[in-house]
K.L.:
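Following this message is one structure expressed as structure tokens.
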Amino acid sequence: MSAPHGPGDTTERDRTDPLPPGSRVGNWEVTRLIGSGGWSTVYAARPARGHPGRPDVALKVMPTAGLAPRQARRIVESARREVELGRRAGHPRLISLLESFVLAEPGHPALRGAIVLVMERAAGSLRELIDAGLPETDRGRLIAGICEGLAHLHRSGWVHADLKPENVLLGADGTVRLSDFGLATELTGTHGYAPPLGTLDYFPPERWRAPLGELGVRVRPTADIWALGVVIHEVFTSGCSPFPGATPMARGAAVQEYGAGRAPLRMDHAVPPFWRELAADCLAPTHEARAPHTAESLLARITAHRRGPGAGTGRPGGRARAAVLATALCGIAGAALYADVPAPPGRAGPAPDTVRVYNAERACREDGGRDPGCSLGLAVDPALPYTADNVVVTRVWHGDLLTADCRTPDGQPVVDEEDRRSTHWFRVRLPPGSRPSTAWLPAVRTRDRPTLPECP
Amino acid sequence: MSGVVIHVPRGSGGAGGAGPHGDPVTLRLGPGESARFGRGSARSPVELRLDDPAVSRLAGEIRVTDDHWQLTNHSTTHSYLVENPEGAGEYLRVPPRRAGAPIPFEFSRVVLPTRGDATVSFQVFAPDHVYLDPEAMGVPWGNATVTAYSLNETATYFLVLVALCEPRLRDQSRVAVPTTPQIVDRLGGHPACAGLTARAVSSHIDYLADEKLRLGAPDSHEPGRADRRNGKREEIVGLALRFGLVREEHLALLPPQTQAGGRERQAAR
């Protein structure tokens, strides 16, 4: 930006120069730099001499010196959101705000007027943990922790609006502390308004087209749920987004293609089935489809899963069983659906997998309800013509998750409304008590391509 | 980010045009979508019809990818030019049979050769280019929290936006937003704005409102919202200032105020 007589480049540089260790900020003494973002710098600090008996803290310093009034206002606004949320919605899963103050007479002139938030000191962030390699046993527990934090925020009427692994901190005891509420927004009715800021990789599809209004961008709790889906995927894939692309813009384009129904959701097979299903619900393409999956309901599913029989994560016994199962099943894992896609090593291929029903009719995808006209049938026998007496009573709708246990590559060819043609069919389980107990879904009716054995 | 907008002006293809009667056509493509252009026929249908005998039935294809678009030249003999109308003569030549040439311009005019002097052309806007936040320079940006509505501060639309915001930024007035003729006048001394017409200023304002800021759609059940379009420039100014898209430092982009336009306005106060 060329601003020859603007606020001045030197102030700009001073503003971002980190404070050296030993600097005094209020009643605190900086010990080291933790990190710096656009408008703030976070330091580790301890109580200054003369103020003993307090724990070590993190200081979030937001300088305002040298800024034009309107820029400073943006920072004040962000600090206000954090303070407000900290005051009204404290919770063990949220980083706690101990105090906040404005530096009137700092030792460092560039910090005059800086806003300082004194926060509970975290041991690290989920991003650091993902980068370093997240132990398998911790994954479910951490996701549950994020869900607890979100459930509390949403229950209290707030939307985080910038959930990402960088903002998921870990306390000294290893438990989750959500942080950075600079964009957090209090809901008025069903939605709130956030400033037009965010992190591209965590924007839900609707956000890319969201209009900017007087109050900012409309955000709803489902935006946090979408971000949670991305985070869950990252936790199991060493930080990979579920959307392909080398840059945040490319992945953003992929998100929009998926949101518009032009591309399927292709999650990494490293994500275990339970978590894949959960993440897929978080990543439902529209606000309406995501709305039923509240943080509360996701948390209930996670809790049930972690308590349930054979739950692998976090329980040594369960893990051992899973390992035995994987070894036992390795022999029959050979017949992958697409022979040219090698299966990741060590994956238990033939375990049942889920497929999400895809309706090629756009109106039916957007409908969200269970309009009979949008229902899709399942065949009794994929080798016979797909006629009225070859269809089971159970109907399925776009977005339904079915459990598939095997597949056949040479059933009757089916062509969908988008002219996609396939002779592949998946055998899916019907609800308990159904007769027959399984039926067949044409592969064109889902965008998922699970690795399943060929049916006997 | 929402893809690209293609605009085929009235009668662009010689006598005919893209529409049934040579009417202008606007087509919006989302990421991953594509559109073919050419003279078209029953066997090679095209989304954008360019009715000139020198243009092939299937002349080329536009595909939206990431935050930009790609041009495929289906001609075996002709190169196409992609001009950046704001780039002071900046252009790209896409040779025959080139597949998927990435186009880096936010504004492009695709020019196809014809047998006569007149060329066939159409415009492609790619409003989704992302710019890094000035505050976040030097910080790894991949996972950074950024402004989701980014503006090219060297584009003419940004000058128009700064000119719209100027009175409020200078605290001359809490309400007055300059009119289109005032903006033409104010930017007249800027080297990039020589020949800027009132019509062009209006187009830039529409582009800001519809593609860059995406002003909220009128809310039918809110009384008094029907005349929202009248307040479009006020709304643009309000948002740009409120969310820091235009700041005091940007005033330096405008020509010095001592020029005729500025004096007149000050005299009028």
Side-chain angles (χ1 to χ4, degrees), chain A residues 1-7 12 15-16 35-39 67-71 73-74 127 162 164-167 180 182-183 195-203 207-218 245-260 262-263, chain B residues 1-3 30-33 64-68 128-150 153-154 165 168-169 171 209-210 212-219 234-236 238-253:
Chain A
M1 197 161 324
S2 55
H5 52 75
E12 199 71 23
R15 223 162 64 73
T16 51
S36 63
W39 309 282
L67 289 182
R70 284 186 178 86
Q71 275 174 296
R73 202 162 64 201
R74 180 145 81 154
R127 172 65 70 205
D162 201 13
K164 53 182 172 180
E166 285 77 0
N167 291 342
D180 206 334
L183 302 183
L197 294 163
T199 307
L200 303 182
D201 265 317
Y202 302 88
F203 277 179
R207 177 64 192 270
W208 291 96
R209 290 162 172 274
L212 182 57
E214 210 177 322
L215 302 169
V217 191
R218 194 161 78 152
T247 63
M249 280 83 78
R251 292 187 289 268
V255 164
Q256 291 177 74
E257 276 189 66
Y258 163 68
R262 292 194 300 274
Chain B
M1 185 167 1
S2 55
E33 287 187 312
V64 184
T65 173
D66 297 6
D67 58 351
H68 58 276
D128 296 343
H129 291 183
V130 171
Y131 292 84
L132 302 181
D133 283 359
E135 295 90 344
M137 294 311 292
V139 179
W141 65 279
N143 285 309
T145 303
V146 297
T147 306
Y149 297 83
S150 55
E153 296 181 1
T154 68
C165 295
R168 291 267 296 266
L169 276 174
D171 279 329
D210 299 339
K212 297 306 271 191
L213 303 180
R214 298 195 290 278
L215 298 191
D219 215 341
E234 282 77 8
E235 201 173 344
I236 290 175
L239 293 177
L241 295 179
R242 183 177 167 93
F243 296 112
L245 305 176
V246 175
R247 301 177 292 274
E248 282 82 351
E249 72 216 48
H250 293 126
L251 291 173
L253 297 171

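This structure is a prediction, so every number in the text was calculated from the model and none was measured. Naming: A, B, ... by sequence-line order, numbering from 1 per chain.
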K.L.:
Is it the side chain or the backbone of Ala263(A) that comes within 4.5 Å of chain B heavy atoms, both, or neither?
P.N.:
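Looking at Ala263(A), nothing touches chain B.
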K.L.:
Side chain to side chain contact (heavy atoms under 4.5 Å, CB included) between Met249(A) and Val130(B): does it pass, once the steps are laid out?
P.N.:
CA-CA 8 Å; Met249(A) 280 83 78; Val130(B) 171; 3.6 Å; yes
K.L.:
Checking Arg209(A) side chain against Arg214(B) main chain: does a donor-acceptor pair fall under 3.5 Å?
P.N.:
no
K.L.:
Just how far is it from atom CD of Glu257(A) to atom OG1 of Thr65(B), taken to the nearest 0.5 Å?
P.N.:
8.0 Å
K.L.:
Tell me, out of Gly216(A), Pro195(A), Gly182(A), who's got the most heavy-atom pairs with chain B below 4.5 Å.
P.N.:
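Result: the option with the highest number of such pairs is Gly216(A).
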K.L.:
How far does CD of Glu235(B) sit from CG of Leu212(A), to the nearest 0.5 angstrom?
P.N.:
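With rounding to 0.5 Å, CD (Glu235(B)) is 8.5 Å from CG (Leu212(A)).
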K.L.:
When only pairs under 4.5 Å are counted, which of Pro196(A), Gly35(A), Ala210(A), Pro165(A) shares the most heavy-atom pairs with chain B?
P.N.:
Pro196(A)
K.L.:
Could you look at Val255(A) and say if it's the side chain, the backbone, both or neither that has a heavy atom under 4.5 Å from chain B?
P.N.:
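Neither part.
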K.L.:
Measure from the side-chain N and O atoms of Arg262(A) to the backbone N and O of Gly32(B), and report whether any donor-acceptor pair falls under 3.5 Å.
P.N.:
no
K.L.:
I'd like to verify something: which residue of Asp162(A), Asp180(A), Leu183(A) has the highest number of heavy-atom pairs under 4.5 Å with chain B?
P.N.:
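Max contact count across the listed options: Asp162(A).
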K.L.:
For Arg127(A), check side chain to side chain donor-acceptor pair (under 3.5 Å) against everything at least two apart and list the hits.
P.N.:
Glu166(A), Tyr202(A), Glu234(A)
K.L.:
For Asn167(A), what residues pass the side chain to side chain donor-acceptor pair (under 3.5 Å) criterion, not counting sequence neighbours?
P.N.:
none
K.L.:
Sort Leu239(B) into side chain, backbone, both or neither according to what part of it lies under 4.5 angstrom from a heavy atom of chain A.
P.N.:
side chain
